[in-house]
Each structure stands twice: as C-alpha cells, then as structure tokens.
A.B. asks: 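Before anything else, here's the structure in question.
Indexing begins at 1, ligand by ligand and atom by atom, following the structure's order.
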Amino acid sequence: MDGKIGLEEHFAIPETLQDSAGFLAESVWGELSKRLIDIQEYRLREMDKHGMQMMILSLNAPAVQAIFDKKRANEIAIRANDFLAEQVAKRPDRFQGFAALPMQDPEMATKELTRCIKELGFKGALVNGFSQVDHAENVVYYDAPQYAEFWKVCEQLDAPFYLHPRNPIPSWSQIYAGHPWLMGPTWAFGQETAVHALRLMASGLFDKHPCLKIILGHLGEGLPYSIWRVDNRNGWVNEEKAYPAKRKLGDYFQENFYLTTSGNFRTQSLIDAMLEIGSDRILFSTDWPFENVDHASIWFDQTSISTADRQKIGRTNAIDLFKLKL
Ligand code: MN
C-alpha cells in the first residue's frame, strides 16, 4: 500500500553512532553506519520504493539512556533533538520527530520534552529503556516516584511515549551468561522492555494518568501473547493483588498502549496482537536501519488482513495518534 507511516525509524548523530556497533556482524557496520547517518538520501529512496510516505524519526539506542552523567545526557539529547528538528524542517512532508530525553534527571527530561513538543513540533518521545544515573550500576526504571511530575506533564502535553528496548547491563544479565547470542533483538531486548512496561502498568501510573499513551515496538515485546496469563495465573486462588494499580494489567495494556510492527514481520503474531489489543492500536513500523524497509513493506502490503485494517495499521492510526496534517 502507498502512504505508509513508520514510527520506529532511527538515525544517529556522530556522538551516538558507536552505540549501534556490535549488534550486527562487523562486516555490515559500513552499511549500517551509512544508513544511520543518512536521512535525506538513501532513506528517502527506500521509502519511495516501498510506499512509505513518512517516518517519525528517533535517535538510536541506548544513546542518551546510557550516559551516566546527567549534564552530558542532557547536552546530547538537546544536540540530537536540534539536529532532528533541522532535518524535519527540510522535508516535513516525509519526516517528523520523537524527542530523545535525559531521563537520568526527571526535571531536565520534563523540560526537554516540553521544549521538543512546544517549540520543535515533535510528535512525542522515544526513550531507550531504563537510564543509568551517575554511575553504570545505578539503573532506574520510570515507575520510580521521582518521575511523577514527568508523567503528569507527558499526559498534559498529550505526548505519546515510545518505550524502546536496550540490553540489560552486564551485572543484571546472568541469565544470558554463556549465550551472548540471546542479547539484543534476538531475545534480551524484548524481555527487558516487556518487564519495564509491566512495571509501569502495575505501579498505578495509569490510574493517576489515564490518558497517557505508551508505544511498544516489535508487536508488543511478547506481551500480547502473555498478558492474559499475567492477570489470570493460579485462577483458583482468591488473593489480593500484590501491586498498587487498581485494575488488571491487561486493562491498561488495552487502554494505554499502542504497538508497532517494527522488526516483527510475522502475520501470526500480528493477528494475535489484533485479537488482544485491536487494530486501532497497532501501527506499521520497520525499525530502520536495523531492519529493511522492503522486508517490512513487502510483508505488510500482502499480509492476510482486511483492507480496512491495513489502512488503519499502515497509515490512519498514526495520523490520528500524532495529529498529523497530511
Ligand atoms: Mn528500534
């Protein structure tokens, strides 16, 4: 189909480029780094070839989230966001932006989110999982109480928040010891991000802020397949909930979450996500440049769903969610 819009589509600035090294074979680094740095040429040609009208762009990973020093994290986020705004201004009909945020400091993150939405015209934020604060071992997830004001402002700005994967830090990765192939997109990304999403749901965040919109890539990081069991395990035991949230976690999943097809071009998995969360909350994405626009598009354009659902997932859900003027 023509007119597709993608929203997990990455770029790098020189300061963050090396963060993407090591996920793929050394032999393709030349190609990958070229794809990450390019915005207006190769990328646009790929989009034109495969019926993608727009990419909402975001910085690569883990980038800002892995910069322990708060001040430096803030500087790099601002630099990346300013660069992205310049690139979007060249072709606003083809590119829009998500903010990179220095979540290490909730106050700085709130300020930068506000600047990006109000001054740069960005469509939301994309954050690469937990942040490391002050030193490598201090891992902070965003259900922590210091993010109360950040989430309040995020809801007020009606800014969708894309929770993007990163690898767990080495000292938390014992489950993968001896099996480095499980890291990254193979498995560790999904597990890490799914748990972070469950933490947000269970924290009561969405009771306080029912209009918050969280986006997950990769068709929901496995959650569509597992969310029923999260709420319904040991159904014969009548026990109190062990978390602060008022409702079943599946309720928040259905009301506060959106999923994208990034890097998960599998019809069976898409159908499961549609059955669990509905086609109004699923959006096309590729995960460029780690995945190919042609792989995503050729699959999506012919996958066995209705024409109406293909239009929603491929295009109109994004127009509605981000209030795009196309
Ligand atoms: Mn990605």
Side-chain angles (χ1 to χ4, degrees), residues 4-13 16-25 28-29 31-39 42-43 46-47 52 54-66 77 80-81 84 95-101 103 122-131 160-168 182-197 214-223 257-266 269-270 273 282-297 299-300 313 318 322:
K4 291 192 290 297
I5 299 167
L7 48 141
E8 190 182 321
E9 318 298 345
H10 309 298
F11 71 96
I13 58 173
T16 66
L17 179 62
Q18 280 302 320
D19 285 43
S20 294
F23 289 110
L24 296 175
V28 297
W29 175 241
E31 167 70 12
L32 182 63
S33 56
K34 186 186 84 179
R35 290 178 176 200
L36 275 162
I37 291 292
D38 164 78
I39 293 191
Y42 187 47
R43 186 183 300 253
E46 284 299 299
M47 292 163 67
M52 260 188 109
M54 177 175 280
M55 284 186 175
I56 304 180
L57 300 174
S58 52
L59 194 60
N60 61 329
V64 177
Q65 269 57 66
N81 292 331
L84 178 53
F95 298 121
Q96 291 291 323
F98 280 133
L101 295 179
M103 297 297 284
F122 284 4
K123 298 303 172 191
L126 182 141
V127 166
N128 294 312
F130 62 84
S131 287
F161 182 97
Y162 204 126
L163 185 65
H164 182 274
R166 65 175 293 185
N167 269 328
L182 282 166
M183 296 299 272
T186 309
W187 191 260
F189 276 0
Q191 188 201 20
E192 171 64 42
T193 312
V195 172
H196 199 162
I214 309 292
I215 307 170
L216 297 175
H218 317 106
L219 285 174
E221 313 291 4
L223 286 172
F257 281 73
Y258 293 80
L259 313 179
T260 77
T261 65
S262 63
N264 204 345
F265 316 134
R266 178 70 169 164
S269 306
L270 173 64
I282 303 174
L283 301 94
F284 176 76
S285 291
T286 75
D287 211 351
W288 178 263
F290 304 98
E291 303 290 348
N292 273 10
V293 175
D294 58 337
H295 294 169
S297 297
W299 164 73
F300 181 74
I313 295 169
F322 301 108

A.B. asks: Among L84, N60, L17, I37, which residue meets the side chain to side chain contact (heavy atoms under 4.5 Å, CB included) test with F11?
C.D. replies: L84

A.B. asks: The criterion is salt bridge (charged side-chain N to carboxylate O under 4.0 Å, His left out); which residues satisfy it with R35, sequence neighbours excluded?
C.D. replies: E31

A.B. asks: Using ring centroids (six-membered ring only for Trp), state whether F189 and F23 fall under 6.0 Å.
C.D. replies: yes

A.B. asks: How would you list, by chain and number, every residue that makes a salt bridge (charged side-chain N to carboxylate O under 4.0 Å, His left out) with K4, sequence neighbours excluded?
C.D. replies: D301

A.B. asks: Check whether more than 12 heavy atoms from other residues, nucleotides or ligands sit under 6.0 Å from atom CH2 of W29, and answer yes or no.
C.D. replies: yes

A.B. asks: I'd like to check the side-chain contact (heavy atoms from CB on, under 4.5 Å) partners of E46; sequence neighbours left out, ordered by chain and number.
C.D. replies: Y42, K49, H50, W288, V293

A.B. asks: For the Mn ion (ligand 1), report each protein N, O or S atom nearer than 2.8 Å, sorted by chain and then by residue number.
C.D. replies: E8 OE2, H10 NE2, H164 NE2, D287 OD1

